[in-house]
Structure formats: C-alpha cells, structure tokens
Amino acid sequence: MIEELFSDYTLRTVALGAALLGVVSGSLGTYAVLRRQALLGDAISHAALPGIALAFLLTASKAPVVLTLGAALAGWAGTLLVMAVVRTTRVKSDSALAIVLSVFFGVGLVLLTHLQRSADASQAGLDRYLFGQAAALLERDLVTIGLFGGVALGVALACWKEFKLLSFDPDFAATIGLRVRAYDVLLTGLLVLAVVVGLQTVGVVLMSAMVVAPAAAARQWTDRLGVMMALAALFGVVAGVGGAVVSSSAERMPTGPTIVLWLTGLVVVSLLAAPRRGLVWRFAADRRRAGRLRLGAALADLDALAVRHGSLEHGHSVSVLELTAGRGVGRSLAALEERGWAQRTAEDEWAITEAGRDEARRRRGG
Amino acid sequence: MTSAQLEIQLVAVVVAVACALPGVFLVLRRLALVSDAISHAVLLGIVLAFFAVGDLSSPLLLVGAAATGLLTVFLIELLQRTRLVREDAAIGLVFPALFSVGVILIARFADTVHLDTDVVLLGELAFAPFERFVLFGWDWGPEALVEMGFVLALNVLVIALLYKELKLATFDPGLALALGFSPALLHYGLMALVSITAVGAFDAVGSILVVALMVGPPAAAYLLTDRLPVMLGLAALGGAASAVGGFWLAHALDASIAGSIAAVVGIEFGAAVLFAPKRGVVALARRHARQRVEFAEAMLAIHLLQHEGTPEALAESRVDHLDEHLRWERSFARRVVRRAERRGYVVTTDGRLLLTDRGRALARTALAV
C-alpha cells in the first residue's frame, strides 16, 4: 500500500492534496480552536457556496482558482456579517453563525439550482463542492491548494506575534496599541482561505472537522502555541494521507468521511492518552492521589491508637482500622510497612513504628 | 394556484412553525448551533434505523433518528465535561464524525439504501405532494404534511404543557434547580423535540433549511420583543411568512424551494437587524443622533446661563461665535440653535442668544442645582 502511494498517480495526487489541506487547515484551525471560534469553519464553508455559484455565473469559468476566489470572498463576507451582527445587536454569536451559515447556503442553493435549470452548460464540478470529491483531485487543484494555503500560512507566520497576542490576551493587545479589529479580520480571512481550499476535497459539511479536530487533538499534548500548531499540521497530514490510502484500498469508501474518521480517531486517542491532560493520565493521577491520602489517614489512625494505648508495640487488628479507614486499608498498611512506618505484630494486627510516629508528627505539622 | 402549489406551501408553513417553536428556546439558551449538529447527525440515525427496519417510510426511522439526535447532544456534553475541549469545539467534533459514518454507510450499501446524502442536506419540497398518506382508503394529503402536522402538534403540546418550566429553566436555571425542577431533564426533553422536528423536516426541506427555520425567525423575533409569548408568536409568524414568500421566490426564479425559504429567512432577519423599533441599527443610530443634539442643547443653555449678566455675555452669546466658544462645527451649532429656538429655550435678537425662563430651567436641571 505504501508503494502504491508513490507509484499510483491518482492516489499520490489525492494523498498529496489531502496532506496539504491537513497542514493548512490544521495550523490555522489552531487559532480558531483557541479563540473559541471552532464553528466559524462550519459557517465559512457553508457561506462559501453562493460565492462559488456567483463566480461561475460571472466568469463562466470552472477553473479552481476562480471558484476558490469566489468562495473565499463569500465566506469572508459571511464571517464579517457574523461579527457585525454580534457587535451591533443583542443576537448572540451562536445564532448569528447559524443564520449566516444556513441563509448563505440557501442563497447558494438558489443560485445553483437556478443555474442548473436555466443554463444549458453542464454544472458538473460545482456539485463537488457540496460533498467533496477528493478522488477527482487533479494536479491543477494541488496548485490551487498550495497557492492559497501557502499564502494563508505565510501571512500567519509573518504575523505570528500579533496573532498570538490576539488569541491569548486581546485586551492587553488593545492597550499596547495593536489594531485588534484589523488583525481579527485578517486572521479570520486566513481561516476563510484555509476552509475554501478544502471544500472540493472534503465538502461543505466535513470541512468544519478539518478545522477543529487537528487543533483539538494537538491541544491535549502541549501548552505551547508553536508546538500545538506543528502537531495540528502533523495530525492533519496523517489523517489526510491515511484517509486517502484507506479509501483507495477499499471499495466505496468516500475519501472525505474517511479522513474525518481518521481525525476523530486521533482526537479520541489524544483525549485519552495525552500526558498530563489525557483522561487515562488523569485517572491514574487521581488513583495515586487517593492512595496517598488513604496512606496518610491510616498512619494518623495508627498514631492516634498508639497514643491512646500509650504503647507503640500494642497491635491493632485490621478490622478496627477498617472502621475508620474503610475496606481498602490493607493496601495502605502494606505501603506503610514498606516505608518502615508500620509493622505487623501478629496475623492481622498492626502497630506504628518509631519512624512512623515521627512521620505522623511531621505531617501534623508538630 | 394549483392544488399542488397550495399543498407545498402548506407543508412549508407547517414545517416552518414546527421548527420556530423549539427554535425560540434554542436561541434563548444559546444552543442555536446544536440544531446544526443534530440536523446533520440524524443522517446516521436514519441509515441505522433503515438497516434495522428495511423500510424508508417506517415511523421507526423517526425514533432511530431522534435517538441519534439525543446521542449527539449527549456526546457533546460528555466531551465538554472532560474539560479538555470547549463547547464550540465539542460540537464541531461530534457531528462531522457521526455524519461521516452515515455517509460511509450509505456509500457502502448504496444498493440497498435508496437514500441520497443530497436529499438529506438539501431536501426537495417540490416532491412533497407526490407522496400521499393513505389510510382506510382515504387520501389524507401529502405524507410530509401529515407527518409534520403531528410534529407540530407535539411541539405545541409539549411547549404548552411545560411552558412554565421551560421558561424558568431558560432564564434562570439555578432557580429552576433550587425549586426542584430538573434543568437537565428539560434540556434533554427540548433536545428530543428538536431532534424529532429535524428528522421530520429533513426529507421535506433538508437539514440546512431546518437550521435556517429553527434559528432565523426566533432570532428576528428576539430583536422585536422582550416577552417570551410574543417571541413565540412572532417566530411562528415569521417562519410561516418566509415559507410562503420563499415558495413564490423559488417559483419566480425556478430554483430550489428550500434555498429560497432560507433566503427569505435571511431577508427577514436582516430587516429585523436594521429596522427593529427599539433595537434596530437604524433606531439606535437615530437615538444616538437625538441624544447628541439634546446634550448639545443642554450645553448651550448652560453656556448662556454661565455668562448671563457678566461683562463678556455680549461676546459669548453671539450666534456666529458659538463654534469658537463651544468648539462645535458651524453647521452643527446652527442646527442646535434652531432646535433650541423651536423648543423655546432661547430667543435670538440682533444675532445674540438670550435664554428664556424655560432655557434657564433646562440648564439648571442639567446642572442639577
């Protein structure tokens, strides 16, 4: 299968396109996820539709560059509208996004159906933006993806410091005189570019996953923006190539959804396994912390019993200790013995040691 | 107007009203995008239920799809509760995944499933009159109309019965919990309504129009009123109007009905944003302009009062020197003076402004002395 990746022309093109797309949408999606605008990608991809239809209507060209440019303009107009509505009215961003998404899409649908019924020119090639047809990617599509994506990435890197500030502390950015609104519009524009270049590969509905998933997965592994962006790009590439390979090796496996499932898998693994933040890690840490707490409690109990009996050697039965420390006290006692803080005086009877008493006193802060 | 046209419009109106009612609560609870997630994710439910039942017209499909809607909401909340991803990202992760599984299943078993992803996304209202609902040898109308009629009745019933609880849980979930209602239960109840509505509507109008109808009219109504019952009524009305308007727009353009309805929803919302009586952009701009002149008027009165009876009063009160003293644009100064004259705050004699008693009162009120 790996050989095919290099020998099979179609597969190579698709995999390369998906990988390029993964890099672009993964790295720019990082900002979207950090700025809680994850669903902006969804809105942009839907809002792009009328732009594609209008671009075709005005230029009668189906060149990917022309259509992508139309998509970008419409998507950008849509996001500016969302921002304007949120700023000037009391309508919240979720409603504004949903309205722009569905209304723009509806208008695009009107234009497309109108085109299909009135013009005799074939519109094949426009439909593919709806659901994406990665398998139909050509070299000229790669050029489009590379061109737009390269520009978007280049600008993002050039404005690294500004975008970083804007994402993490917009108020501070405004105080030191950064033109926050302008950079906001610019960054959103770059996201628009990233989204529209992906439309014909994975389609309108699944494009939002391309923006959100790599960044959401990468977020789990690091707290540094640069690392997160690089990881997101990497995840995007892995999912893109993985999706292309799987869908070409199995029959009737559409590429877009396969890529999304790869991404979902990466997200799930990241959520579970990432060090420190991951659920497995957190579960283990919780267990360790609970164990330490129980150990301390058992030590304190033994100490209190020793004080009351006025003797260190007097053993106390496990069942007495279970009354306060619960059923799992056996494990805590074994751990105490290992540290030399408790000793077994008889079968099922335990007493605190000299070292244990010192430790208990230290823990009490005495 | 043919009977088919009438039936299509009827279906569209029923769908619109059925969507607008639960949509009001989605907009108020800032869950508008959940409608987007649910309306896409139900595709998987429809496919799975179809595999189980083998019949595309079975009511079990509705149940299966509604269950997927609830699963979507549950997964989104589960993700959020890990605190590893935020709400927006959680939504953006869950529904594409479920949708993808649905698309792959359809693609792999395309021979057995007569389901098209196009139809789910886009819908085709124009076909609604062809599928008839026949029971006891009697034609009860288009299947979509009967189905959505049930959904609408269900929505009205549930919202009417749980009106008080929904209202409380929407505006003050803390109080609702304290009073012993279960916000979580109400939340899932509402989401069940949204899911059922989305499923019922999808084959008539497609999932994108479901989003437009669930969010657009309620958001427009939100700009027009502060009262929940009025908002429900306005949203239903706005939805119905966009359904009828959209139908005729589609007719005129020979284009997709669902798309046209969404476009009209957009026009309605845009009109509300611009022209809503109290909150519209135009009303806000007019209010700001009026406040600016009113403030200037008070400034003028104070200015005149300060210099009244002093040696420099003669110079300070000349109309054509106001722009110097108050640093106003000449045209603005003239406008303010004219308005103040009209209201009887000042009188002009020999190019000089004199305060009237009313003007003095205005200045004193403004200075609060």
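Residue numbers begin at 1 in each chain, while the letters A, B, ... track the order of the sequences. Just so it is clear, the model here is predicted, and its values are computed rather than measured.
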inquiry  = Can you confirm whether A:Q220 sits close enough to B:V85 that some side-chain heavy atom of one is under 4.5 Å from a side-chain heavy atom of the other?
reply    = yes
inquiry  = Would you say that A:S208 contacts B:F95 through its side chain, given a criterion of any heavy-atom pair below 4.5 Å between the two side chains?
reply    = yes
query = Side chain, backbone, both or neither: which part of A:V267 has a non-hydrogen atom closer than 4.5 Å to chain B?
reply = side chain
task = Can you establish whether the number of heavy atoms outside A:F168 located under 6.0 Å from its atom CZ is more than 12?
result = yes
remark   = Among A:T264, A:V107, A:V110, the residue with the most heavy-atom pairs under 4.5 Å to chain B is A:V110
request  = State, with a plain yes or no, whether a side-chain heavy atom of A:V91 is found less than 4.5 Å away from one of B:F269.
outcome  = yes
query = Which atom names give the shortest non-hydrogen contact between B:R108 and A:A250, and what distance separates them?
reply = NH1-CB, 4.1 Å
key: Atom CZ of A:R36: over 12 foreign heavy atoms under 6.0 Å   = no
key: Contact origin within A:T258 toward chain B - heavy atom pairs under 4.5 Å   = both
query = Under a 4.5 Å cut-off applied to non-hydrogen side-chain atoms, are B:L284 and A:T88 in contact?
reply = no
note = Pair count under 4.5 Å, heavy atoms only, with chain B: among A:I99, A:L101, A:I259, A:L81, highest is A:I99
Minimum-distance pair of heavy atoms, taken over all atoms of B:A262 and A:V103 = O-CG2, 3.4 Å
Heavy-atom pairs under 4.5 Å with chain A, option from B:L26, B:L84, B:V215, B:L33 with the top count = B:L84
task = Please report the closest heavy-atom contact between B:A97 and A:L261, naming both atoms and the distance.
result = O-CD2, 3.9 Å
message = By the definition side-chain contact (heavy atoms from CB on, under 4.5 Å), identify the one residue from A:D42, A:V260, A:V211 that meets it with B:P96.
response = A:V260
ask   = Just how far is it from atom CE of B:M214 to atom OG of A:S102, taken to the nearest 0.5 Å?
value = 11.5 Å
task = Look up atom CG in B:L223 and atom OG1 in A:T89, then write down how far apart they are to the nearest 0.5 Å.
result = 5.5 Å
task = Decide yes or no for B:L79 and A:L271: does some side-chain heavy atom of the first lie under 4.5 Å from some side-chain heavy atom of the second?
result = yes
query = Between the side chain of A:R252 and the main-chain N/O of B:I104, is any donor-acceptor distance below 3.5 Å?
reply = no
ask   = Within a reach of under 6.0 Å around CZ of B:R227, are more than 12 heavy atoms found that belong to other residues, nucleotides or ligands?
value = no
Closest non-hydrogen atom pair, A:A216 against B:L93 = CB-CD1, 4.0 Å
ask   = Rounded to the nearest 0.5 Å, how far does CG of B:L253 lie from CG of A:L111?
value = 8.5 Å
message = Can you tell me if A:W221 has over 12 outside heavy atoms packed within less than 6.0 Å of its CH2?
response = yes
message = Whether the side chain of A:T113 engages the backbone of B:S256 through a donor-acceptor N/O pair (distance < 3.5 Å, no angle test) should be reported.
response = yes
request  = Could you tell me whether the side chain of B:R86 and the main chain of A:Q37 form a donor-acceptor pair under 3.5 Å?
outcome  = no
task = Answer yes or no: is there a side-chain heavy-atom contact under 4.5 Å between B:V101 and A:P257?
result = no
Distance-minimising heavy-atom pair for B:D88 and A:A38 = OD2-N, 2.9 Å
task = Nearest 0.5 Å please: distance from the CZ atom of B:R29 over to the CG atom of A:D94.
result = 12.5 Å
ask   = Got a second to check how far A:F105's CZ is from B:S207's OG, nearest 0.5 Å?
value = 7.5 Å
ask   = How far apart are the closest heavy atoms of A:A98 and B:V211, and which atoms are they?
value = O-CG1, 3.8 Å
request  = May I ask you to test the B:I208-A:L109 pair for a side-chain heavy-atom distance under 4.5 Å?
outcome  = no
